[in-house]
Structures are given as structure tokens and as C-alpha cells.
Amino acid sequence: MTTSHSGSDYDEDIPLSQSVKRKAERERETAQEIEGSPAPGDEEYNSDEVLALQPKKKKKKWIKVKRSKSGKITKVKSTKKVKKEEGDEADVPKKEEENEEEGEEEKYKWWEDQNSSDQAWTTLKHNGVMFPPPYQPLPSHVKLYYDNKPVELPPDAEEVAGFYAALLETDHGKNPVFQKNFFHDFLQVLKESGGTLNGITIESFDKCDFSKMHAHFELLKEEKKKLSTQERKQLREERLKEEEPFRYCELNGRKEQIGNFRVEPPDLFRGRGKHPKTGKLKRRVQPEDIVLNIGEGEPIPKAPEGHHWGEVKHDTSVQWLAMWRENIFNSYKYVRLAANSSIKGQSDLKKFEKARELKKHIAAIRKDYTRDLKSKVMLERQKAVAIYLIDVFALRAGGEKSEDEADTVGCCSLRYEHVTLQPPNTVIFDFLGKDSIRFYQEVEVDHQVFKNLAIFKRSPKQPGHQLFDRLEPSILNRYFQSYMPGLTAKVFRTYNASQTMQDQLDMIPNEGTVAEKLLRYNAANRTVAILCNHQRTVTKGHAQAVERANYRIQELIWQRIRLKRCLLQMHPEMAKEDPERFEELSTLTKEDEAAIHARIIEREEDKYRRKFARENDKLKFEEAELLEEKVLNEWLQKVEDLKQEFAKELETGEVEIKTKFDSVAKIDKQIERLTERIATSSVQLKDREENSEVSLGTSKINYIDPRLSVAFCKRFDVPIEKIFTKALRQKFDWAIESADEDWRF
DNA sequence: CTCGCGACTTAGGAACGCTGTC
DNA sequence: GACAGCGTTCCTAAGTCGCGAG
């Protein structure tokens, strides 16, 4: 926390408990001019609010000018209510064939229970955690080279070097910060394990050659890729069997899945964005580091041979089964239940019910912040603008961050340089949010918001300074509680996401094929994802994939044109009878057609060459006689024939009519088929492109009330499997079973 | 009464493995 | 029958926010 450091004391912010008075004050205020420079009234907050400007770096990196003390609100314990969604009118007939969830045991419908306990659990039984395998030293011919000389590393140091070598060619491996942090920790471990075994002293990262180690890991990867389906299955089964005891626990007497039962293996920390600590060694977790949480009186799982647990406790107020402290931030890691567990489901349901509750208050909140945009008290104005941003642009709260984390921001931590103002009321947001994902938006905002942002940026503030120098999430959240218990900044994201989804789904007409409905559902989903700024990086091959898909569509159109040419060849009079139908013939230029031919030829040749290589590979492996070059040439001759045919076709404009398509009826049918394929391919491509930078999953999993999707499926007769994967169906079982087609957010 | 810590949700990318297409 | 391309699952980092120790 930054403490008050300049001489001046700032205005006493009015405690919330006096909001009535605040209101009276505001009512005296007259409506302000909007356009042009801020009207005098806009600036009528106390003038002693001089902004402190000396960059004051304590723990915090960014200048916070003043922290205000606001009055406290009596906290209201959130009333827990288990929502009762009856409405299961036994009208779920088509679900019967869904037998994938092995329904051996009676399913526990926790959402039908009146559960109001504040304990996380009453009984809990589990087998502890699964440790990663111990380090396997590399074969003796695989070494790190230093100054071109092979280095004998003690296993502990070799392991760390290996972590880096594996990443050598990745973005992490090439990142200087990553390299520096890794190298520092590597030397540390090397020192701890007594230095190299062949007298080499390692001092300089640049003299280290990890390429041999890297090549070794690549080789392993290749081998793994080559495994046959059988071998894979075998390995999988072995793994599953080994995991079995750790996968499940007994919670309140019922078997439930555990989420991350595996202890995180040692590795180099891969921080996201410009992370100061990226590349540091994440050390191996020992049983002694682990705290188990388990029911009183239950058998304590055995720690691995020669080890013991750090601690065993019986805390029924928390959800975790085990935890340990990691060494990068000295923070905790927890082993908890899977997403499909009753505990997680309950929290989820509660979250959405809380968001729905906000519906009842949102009008008042909006009215109040609109009014407070003109408050005379700086804190109030900042609050109003911040809430506006959270409400309208779905920003996160934005808590303070320390120096040793990536520089990312949310609403309260926005800085001068993140917001650009373009009169009359356009704002450009440009900052890195959670996970260093860029938030870039040019938007028009409320005029008063615009004016206020200008005030918040006014000199002497400059880049590096906090926009909301008096705000922190806790202030906002405390204020939110006055509207509704449990209301916090993040509830707005849930509320706005689900409400948006509801609105979008309402606009979908109940018509068309399942595929069409799905497309529209995804479009709605996408609107939400965009609202929440859920992005993904386009995959490496994306541009190429799009190009290829476009080619495919072009080729389908070309095929259709050819068929139409056949029609005309057989019945020239058709051109006059239905000129529209043959319009597209003239849209294809000779150059385009030649290009299409060339592509097809190339692809065909490629195909045969690859086939040849593949079969010979196989034969070689079987030590059988290899195919002769002659075979390949025969295949290629086929392609050559095709090429000739194309060339002739291009020259004469005549298509050779195949017996397959020798009647009008046959051709018509084929044209119809092609037309269909062209349509679906085009739609799919468009959808894919629009999705290439948007991640739909995050909002589906965390923000959109699943009951919306369930209701949509029931109302529109879309199988739920089309929308929820198996894992999601398990996670949202409560929603699938409780929401009917009329359910509304 | 504060604030640092503890516990929880939310997040994107890597790894995995299935499937539709030729 | 191979295999690219894709969706799904796994992994763990990075947020939010309440609460209790001092």
C-alpha cells in the first residue's frame, strides 16, 4: 500500500453511510453542458486534490496518488439458497439413448438438496497425491557442451539443463529474460550438487551448447509419435491404472472425481507476457512439502517410501485435498475436486444465481453511476466511471500487482497511457489484461464519462500514473455490497455475459437445420466471447488453411461450371432457356482455370510421390523388396494424362463427357450436390475465420449460464452433445437436469 | 483496522487423440 | 488405410476477493 507521503491531506471522502447526504448534494447540482471543454461544474471537486507526482516505488510499481478511507458497510452474510428449478416435466424423451455416462451408481442430485451448510464437506477420504516419476539421467552420449567440450553434469543439474534444452527452439528458449533466469538457477543447482564432474567450470550462458540435448528430446518426441495405436492404448491403460487410486475420493460418502491429483513436476517456470521471473526453476515438490487435508479418523495415505507428509489436517471449511507451497512466488498450489464434482457444481450454481440476482439491482446501479459521473467528490466520480467501464466494457476489477509480475492491468489499475481520448467522445483503450492479452478497443462512450476521463488524465498526470488514483477493487466491491450482498466486480462479467447470451439467443429464429441453429448459437457465443475479450492466438497454419479452403471452394465451383458446360454441349439450347443458370460460366477466366488445373496437378503428383515414399518406407521396414521407380512413373503418367486432358479442355473449352454423367438428370443431381457442398464449405470457412482469434470455450465454461444453453437445445431441438462436450455435460449436469425449455437467465 | 495471505475462479496454450476425407 | 486437421483434455499460470492475524 502506498501511504500518504506528500504534506497535503486530501479531502475526506464521504462514507457510504452518508450516501443520503451525497445524494442531496448532487441534487443541487445542475445538469452540465456536455460538449466542448468541461463546464466549470465538472471540476468542482475539492482543489486540494493535488496529485502527488514523485514516482514512488515501494512494492508497487505504479503511482497511486492517494488512498481514500471510505466508511465501512456492514457486511451482510450472503444468504445461501439452493435454487429450486422444478419444471422437469418428464419430457426429456430423446435423452434415453445417452448411455455414455456409466450410470452404475445412483446419481446424486445435489441440486435438489437443501444445502445450506457453510462447511465444504463433512467426510472426506482420499489416497493423497501422485508424484511425478524421479529424474531419469540421460544416456551417456547425450551431453551439454561447454566451450565445445562435453560436460559431465550431476543428475540434478542435468535435469535443469534438460528443461532448458527441451525449450531451446521455442519462444521461451529464445527469450533473454528466460535465459538469464534459467541460467542463474541452473548454476545454483550445479553448485548445490557439487559442480561438474569433469572439472569444467560453467560461467557463461553463451558458451553452453544445448543442441545435443535438444536433439535427443526431439528424437524421443518423434519416437513417441510413431507409436502404433495398440501401443498407445497399452500405455494409456497402464497410466490409467496407476492413476486410479488418486483419481477419486470419497466426499460425504460419495465417490467423486479429483481434478489435479498429480503434483506438478519440476520445470522452468513459463510466465506469460513480459514476466520478470520467467525461466526460473520450479523445484521438485517433496512429500514433506505437502499438506494433506482429509476427514478426521480416515486412514492417512502413505507417503512415498522413506518420506513423510509435511502436515495432515482435517479442515472441513476448505475444498482442497492437498496443497504445497511453490518456490517461484511462495504461493500455494492446491489439489482440488474436478469440475464435475458436487462441490464445484454448487459453487457454479451459486455464482450464476448471484449474477441473476444482479438483474434486480442493475437499473439502480446504472442510474446511480450515471448521476455520480457528475459528483463533486473526486472519489465518487472515479467510482462512477470505473463502474461504467466494468459494466459496459466488461473490464476486470484490476488489483495492484507487484514488481515481479508481468505488467498487466484491469479497471482500477488502468494508467494514463492506456486510454487515449479523441473528442468528441471516442476512447481508445489499449492495454494488456489478464494473461497479457491485449485489450484494444476504439469506442464511443457517454459524454460525461469522456469528460471525466479527460479530468483524470489532466496535468500534471502523465504516463505511468494511475487513471483512478483513488480506487482499488476493495473500494468498489465494498460499494457494491450496498446494493446486494456478495456483489463484486466480477459478478458484472458473469451477469453481462449471460444476459448478452440470453439476448442473442432470443434473436435466433426457430427454423432451419440443426447445423444452421448451431452456427447461430456459436455466433451468439462469439458475441459473448468478444465482450469478455477472450482471445486465442491464431495457429501457425491458419493462413495456409484458409487459403487451402478457399482453393477447395474455388475448385468445387469450377467443377460445377464444367458440369454446366457438359449440359450445354449436350443441349446448347439450354443457354437460352435459362441464361441465369449459366451465368457463372463467364465468371471463370482462363487464367483462373489454368491456375486451378495447375494446383490439382501439383496435388496429384504430390500425392503419388508421397504414397511411393510411404510404401517404400514400409517395405524397407519389413525388409521386403522395394517398389521400383517405374511404379512411380506409371502413377505419374496418370497425372500426366490428366494434365493433357486439362490442357485440351482449356484450349477448346470442351469438356469430355464421362459416362458417369451422361444424362441431364445425372448431371443435375451432381450439380445440386456440388452446390450444397459449396454452400456448407463457405459457411464453415466463414465461421472458422471469424473464430480464428476468438476463444469460445472460456465464456462457455465460465460465464454463460449453462441453463441458457440447455433451454436453447430443448426449445430448438438441438442435441445437447452438439454444444457441450462430454466433460462439459458432466460439469453442467445440474443445468441439464434442471432447466426446461422456458428457462430464462 | 489493515493488509497480506489463503483459497478460490478464470485463462490460454500444449498435448492428445479422434474423425472425416481422400 | 493414412493422416491432416481438428476439437477435447490437460496443465498450470494468473486473476479475484474474503478474511483473520497482528
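Proteins get letters first, then strands, A, B, ... in listed order; numbering begins at 1 in each.
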Show me the protein contacts with nucleotides 14-22 of chain B, counting only N or O atoms at under 3.5 Å.
{"unit_1": "B/dC16", "atom_1": "OP1", "unit_2": "A/K224", "atom_2": "NZ", "d": "3.2"}

Mind listing the N/O atom pairs, protein and nucleotides 20-22 of chain C, below 3.5 Å?
none

How far apart are the C-alpha atoms of A/E721 and A/K726, what are their side-chain angles, what is the distance that settles it, and do they pass the salt bridge (Lys or Arg N to Asp or Glu O under 4.0 Å) test?
CA-CA 7 Å; A/E721 293 79 9; A/K726 183 174 172 195; over 6 Å; no

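Side-chain N/O atoms of A/K351 include none lying less than 4.0 angstrom from OP1 or OP2 on B/dT9.
Nucleic acid contact class of A/G410 (heavy atoms, under 4.0 Å, all strands): none. When heavy atoms are screened at a 4.0 angstrom cut-off, A/Y334 is found touching base atoms of the nucleic acid. Across all strands, A/S347 comes closer than 4.0 Å only to sugar-phosphate atoms, never to a base (heavy-atom distances). Residue contacts shown for A/S331 are absent, as no nucleic acid heavy atom lies under 4.0 Å away. Counting any heavy atom pair closer than 4.0 Å across all strands shown, A/I701 reaches no nucleic acid atom.
Looking only at side-chain heavy atoms (C-beta outward), A/L395 and A/L414 come within less than 4.5 Å of each other.
Summary of the strand contacts: A/M323 and A/R536 both lie near DNA chain B, and taking for each the nucleotide with the nearest heavy atom, the more 5' one is attributed to A/M323.
In this structure, the side chain of A/Q481 does not engage the main chain of A/M484 through any donor-acceptor pair within 3.5 Å.
Side-chain atoms of A/K434 come within donor-acceptor range of the base of B/dT10, with a qualifying N/O pair under 3.5 Å.
Evaluated for a side-chain contact (heavy atoms from CB on, under 4.5 Å) with A/E237, the options A/R239, A/K233, A/K241 yield exactly one hit, A/K233.
Of the candidate nucleotides B/dA7, B/dA11, C/dG18, B/dA11 has the atom nearest to the side chain of A/R272.
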